[in-house]
Amino acid sequence: MAAERISVCLENSGLQRHGGLIRLHNVTIRVCKGGYRCPCCSEVFSECRTESQQPPLPLWHQDLMHYLALVSKHGIPEDDRPKQCPKCCQSKRKPHRHSHYERIVMTVTCPEKICIFRFRCPDCGYVHSVIPAFLEPYMQMALDLQEELVGAAHQGATVEQVAEQTQALPCGSIDERTIASLIRGWNQRLAQLESGLWAWMLARAPHLALPRSSSLWNTLHTAWTIIRERIPELRNIRFLHGLNRLHFSMTVTAHG
């Protein structure tokens with residue numbers, strides 16, 4: 001019965017992530033706790049796969065410098081504004097610009113203050129923030145900095161050694177507890193999304209050959225490096241940035 005319900009949900013409207021966060025194109029929102037939820041029948045499931053097609057993101061999603069130049073001072077360009085509410089999915093009227101708030105973003109090269117813009121649905125009143133893809137909701141560390149820290153640990157450095165290395169960062173040192181939490185969190189996410197990521201990458205490079213590695217991080221990182229050299233639009237997208245895009249394009253499917 002569960003498999004039949006999943007199939008019906010997929011045919012009707014696709015499924016939304018129901019725990020923590022969900023990204024719909026260039027919009028990130030917080031929803032209730034749980035697993036994966038069908039927006040029609042509210043059924044919650046857990047299996048996932050990647051969508052075959054993913055719309056390209058605007059240039060200002062690429063990194064902090066593009067965001068500062070194109071968005072932070074004058075707001076999100078009209079063509080890139082949310083077309084519909086990610087909660088009620090009403091498409092007749094666009095969400096209205098509601099407000100903004102400031103956030104400090106720490107990258108490998110500099111700390112910078114940016115504006116995050118919020119939009120309000122004229123139909124249901126829901127307010128959501130538009131988060132750039134190089135940044136995660138409620139996080140100050142940009143994905144390029146997170147990748148440097150987690151990557152150093154997977155290259156053999158201890159958490160203490162990685163923390164010592166951060167003392168030279170322009171944004172200041174990062175404590176061991178934060179670094180350990182990052183490593184643990186990304187390891188868990190990679191394990192959860194491994195099958196979907198391999199399906200996505202092998203669809204684009206069917207004869208992908210990789211060196212052996214005991215670390216899932218190192219294996220997937222190497223695979224991403226090879227993939228992005230073959231796909232022009234991914235050439236400037238680093239591993240965690242690309243993973244963050246793919247992570248929020250996961251949907252649910254039935255097995256067996």
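Taking CE of Met106 as the start and CG of Leu145 as the end, the distance is 6.5 Å to the nearest 0.5 Å. In this structure, CZ in Arg238 is found 9.5 Å from OG1 in Thr225, a value given to the nearest 0.5 Å. Taking CG of Leu68 as the reference point, atom SG of Cys110 lies at 8.0 Å (rounded to 0.5 Å). One distance of note links CD1 of Ile227 with CD1 of Ile237; it measures 14.5 Å at 0.5 Å rounding. Note: Glu78 CD to Arg97 CZ = 11.0 Å, rounded to the nearest 0.5 Å. In this structure, NZ on Lys87 lies 6.0 Å from SG on Cys124, to the nearest 0.5 angstrom.
The heavy-atom pair separating Arg93 from Pro122 by the smallest distance is NH2-O, 3.2 Å. Taking both residues in full, the closest heavy atoms of Val162 and Ile179 are given as CG1-CD1, 3.8 Å, listed atom of the first, atom of the second, then distance. Between Ala163 and Ile174, the shortest heavy-atom distance links the atoms CB-O, 3.7 Å. For Ala133 against Leu143, the heavy-atom pair with the smallest separation is O-CD1, 3.2 Å. The shortest heavy-atom contact between His154 and Asn187 is NE2-OD1, 3.0 Å. Closest approach of Cys115 and Ser72 over heavy atoms only: N-OG, 3.3 Å.
The closest side-chain heavy-atom distance from Met141 to Thr178 is below 4.5 Å. Two residues are said to be in side-chain contact when any heavy atoms from C-beta on lie closer than 4.5 Å; Leu220 and Met201 meet this criterion. The side-chain heavy atoms of Trp224 and Leu243, taken from C-beta on, include no pair separated by under 4.5 Å. For the pair Leu135 and Val105, the minimum side-chain heavy-atom distance is below 4.5 Å. Side chains of Val71 and Pro77 form a contact here, defined as non-hydrogen atoms less than 4.5 Å apart. Glu102 is not listed as a side-chain neighbour of Ile114, based on a closest heavy-atom distance of 4.5 Å or more. Tyr67 places a side-chain heavy atom less than 4.5 Å from the side chain of Ile116. A 4.5 Å side-chain heavy-atom check between Cys85 and Asp123 finds every atom pair outside the cut-off.
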- Task: Please test Gln146 against Leu149 for side-chain contact (heavy atoms from CB on, under 4.5 Å), starting from the C-alpha separation and ending with a verdict.
- Result: CA-CA 5 Å; Gln146 294 187 44; Leu149 299 177; 5.8 Å; no
- Task: Please lay out, stage by stage, how Tyr126 and Arg120 fare under the test side-chain contact (heavy atoms from CB on, under 4.5 Å).
- Result: CA-CA 6 Å; Tyr126 186 80; Arg120 183 179 185 275; over 6 Å; no
- Message: Checking Phe239 against Thr222 for the side-chain contact (heavy atoms from CB on, under 4.5 Å) test, could you report, in this order, the C-alpha distance in whole Å, the side-chain angles of both residues, the deciding distance, and whether it holds?
- Response: CA-CA 9 Å; Phe239 178 48; Thr222 302; over 6 Å; no
- Message: Show, in sequence, the C-alpha distance, side-chain angles and deciding distance for His61 and Asp80, and conclude whether the side-chain contact (heavy atoms from CB on, under 4.5 Å) test is met.
- Response: CA-CA 11 Å; His61 276 282; Asp80 299 335; over 6 Å; no
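A donor-acceptor pair under 3.5 Å is formed between the side chain of Arg204 and the backbone N or O of Trp200. A distance-only check finds no donor-acceptor pair linking the side chain of Gln62 to the backbone of Leu59 [under 3.5 Å]. Formation of a donor-acceptor pair under 3.5 Å by the Ser129 side chain with backbone atoms of Phe117 is not found in this model. For the pair Arg81 (side chain) and Pro95 (backbone), a donor-acceptor distance under 3.5 Å is present. Judged by distance alone, the side chain of Glu147 and the main-chain N or O of Leu240 form a donor-acceptor pair under 3.5 Å.
Between Phe119 and His98, the distance separating the two ring centers is not shorter than 6.0 angstrom.
A salt bridge links Glu136 with Arg189; the closest basic N to acidic carboxylate O contact falls under 4.0 Å. Ion pairing between a basic and an acidic side chain is recognised when a charged N comes within 4.0 Å of a carboxylate O; Glu112 and Arg103 show no such pairing.
In this pair, His241 and Phe134 present their aromatic rings perpendicular. The plane angle is above 60°, beyond the 30 to 60° band.
Shown here is Arg177, whose CZ atom has no more than 12 heavy atoms of other residues, nucleotides or ligands within 6.0 Å.
Judged by distance alone, the side chains of Asp63 and His66 do bring a donor and an acceptor atom under 3.5 Å apart.
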